[in-house]
Amino acid sequence: MALFSNTFLVLSILSLLACAANGQLSPTFYSRNCPNLQTVVRSVMAQAVQKETRMAASILRLFFHDCFVNGCDGSILLDDTPTFTGEKNAGPNANSARGFEVIDAIKTQVEAACKATVSCADILALAARDGVSLVGGPNWNVLLGRRDARMASQSAANSNLPGPGSSLSTLISMFAAQGLNARDMTALSGAHTIGRARCQFFRNRIFNEANVNASFAALRKQTCPASGGDNNLAPFDIQTPDQFDNAYYQNLVNRKGLLHSDQELFNGGSQDALLS
Ligand code: HEM
Ligand SMILES: *[C@@H]1O[C@H](CO)[C@@H](O)[C@H](O)[C@H]1NC(C)=O
């Protein structure tokens, strides 16, 4: 099997989610004004992942959800106020996006080290990289110099982010809308080698779909019944749920994708050739 390698994932996440705006991003952007930035981010992330391994996944997802709404500009971090509606309560984020308190903790430490210097968008990009590498994934240089958004868009968060019932053609077109091709989409989906999803998002798949391994479906039904338990969690990756590796793709080939949208990457369509 020519399954995606970690190296491929690295390069993908590096170049795809590090979406540059107009100014030039650079790995040394803060080397003069905040030389300890990367050490600070790494140490707070190490503590957070030590306390709860899933946090690596939660922060990686925050970065994805930030980047798909008007670029990687920290917009997902903005709280709603009586006069401002942000992205936190958009459908894909409400009661689902998590880890904000870890980004806040990093921000507090970064401000203590270098006041009013580092963007929150860059902090999120670094934290996502560190989470991945702390759970066995690759490491990469993060290009820095993103500017923080002063606005956000709940409606763009609702329309730009794919849902768990998406078809392959919808996934391809939603990533294309961000300048990412089908292969990029399949590579970035490898993030689902870590993290958890709630029963309500995979119930229909395990009860009603045909292209699902029967013993996998039976196992998941133990904690995701036909009714009730909507918020019960299951790991995306049945083999190594907290390790950033390529088991996600192996699972798809074995019809053990958790979400409908996951299994769409290996369901007789254009992406099968990348995995088998
Ligand atoms: C391809 C389309 C995608 C769809 C339809 C999708 C959908 C979902 C859903 C429904 C969940 C579970 C949410 C919940 O139970 O509350 C989830 C979790 C997650 N997603 Fe995705 N996702 C996609 C792509 C991505 C990408 C590109 C990344 C990052 C590069 C990513 C990273 C994650 C991670 C790490 C989690 C687990 C978060 C945690 O445990 O807190 N996803 N995704
Ligand atoms: C489903 O998965 C189980 C456990 O890995 C395996 O023994 C079985 O052969 C799989 N079934 C099919 C039809 O591939």
Side-chain angles (χ1 to χ4, degrees), residues 13-31 33-34 36-45 48-49 55-81 83-132 140-162 177-180 188 191 195:
I13 294 175
L14 163 68
S15 58
L16 305 180
L17 284 187
C19 33
N22 291 333
Q24 270 308 113
L25 300 185
S26 156
T28 57
F29 191 83
Y30 300 107
S31 51
N33 294 329
C34 196
N36 293 330
L37 170 63
Q38 306 222 16
T39 311
V40 170
V41 176
R42 181 89 181 187
S43 89
V44 181
M45 276 304 290
V49 171
M55 194 52 71
S58 303
I59 299 294
L60 178 58
R61 185 169 186 240
L62 275 190
F63 186 40
F64 164 51
H65 283 204
D66 182 29
C67 293
F68 262 49
V69 184
N70 201 29
C72 312
D73 60 358
S75 57
I76 194 173
L77 303 171
L78 298 173
D79 289 334
D80 286 1
T81 73
T83 56
F84 176 84
T85 302
E87 294 161 20
K88 285 189 174 180
N89 290 308
N93 295 329
N95 304 313
S96 183
R98 62 196 296 279
F100 294 107
E101 69 288 352
V102 172
I103 301 301
D104 290 346
I106 298 171
K107 173 69 173 168
T108 300
Q109 299 272 314
V110 168
E111 285 300 297
C114 344
K115 200 167 168 51
T117 303
V118 180
S119 69
C120 294
D122 282 338
I123 286 174
L124 184 51
L126 287 168
R129 184 273 314 269
D130 287 338
V132 167
W140 64 91
N141 280 323
V142 176
L143 300 179
L144 299 166
R146 292 167 190 76
R147 303 300 187 190
D148 285 337
R150 300 170 63 92
M151 48 162 287
S153 174
Q154 187 174 86
S155 62
N158 282 323
S159 53
N160 294 5
L161 288 162
Q178 303 296 326
L180 300 166
L188 287 164

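Between the side chain of Asp80 and the backbone N or O of Gly86, at least one donor-acceptor pair lies under 3.5 Å. Here the side chain of Asp148 pairs no donor or acceptor atom with the backbone of Gly74 at under 3.5 angstrom. In this structure, Thr117 contributes its side chain and Lys115 its backbone to a donor-acceptor pair below 3.5 Å. Side-chain N or O atoms of Asp122 include none that pairs as donor or acceptor with a backbone N or O of Leu144 at under 3.5 Å. A donor-acceptor pair under 3.5 Å is absent between the side-chain atoms of Glu87 and the main chain of Gln154, judged by distance alone. In this structure a side-chain-to-backbone donor-acceptor pair under 3.5 Å is present from Ser119 to Arg146. Between the side chain of Asp66 and the main chain of Leu62, no donor-acceptor pair closer than 3.5 Å is present. Side-chain atoms of Asn160 come within 3.5 Å of backbone N or O of Phe68 as a donor-acceptor pair.
Minimum interatomic distance between Val40 and Ala113 (heavy atoms only, all atoms of both residues): CG2-CB, 4.5 Å. Closest of all the heavy-atom pairs between Asn158 and Pro92 is OD1-CD, 3.4 Å.
A 4.5 Å side-chain heavy-atom check between Phe84 and Asp79 finds every atom pair outside the cut-off. Annotation: side chain of Glu101 is in contact with side chain of Met55 (closest heavy-atom distance under 4.5 Å). Side-chain contact between Ile76 and Leu124 is present, with heavy atoms from C-beta onward closer than 4.5 Å.
In this structure, Phe64 CZ and Leu161 CG are separated by 5.5 Å, a value rounded to the nearest 0.5 Å. One distance of note links CG of Asn141 with CG of Leu126; it measures 10.0 Å at 0.5 Å rounding. Note that the OG atom of Ser58 and the CG atom of Leu60 stand 9.5 Å from one another [nearest 0.5 Å]. Here the CG-SG distance, from Leu37 to Cys114, works out to 6.5 Å after rounding to the nearest 0.5 Å. Atoms CG and CZ, on Asp73 and Arg150 in that order, are 12.5 Å from each other to the nearest 0.5 Å. One finds the CG atom of Asp104 at 12.0 Å from the CD atom of Gln109 (value rounded to the nearest 0.5 Å).
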For this session: Could you check Ser96 against Arg61 for side-chain contact (heavy atoms from CB on, under 4.5 Å), going step by step and ending with a plain yes or no?
Result: CA-CA 10 Å; Ser96 183; Arg61 185 169 186 240; 2.8 Å; yes
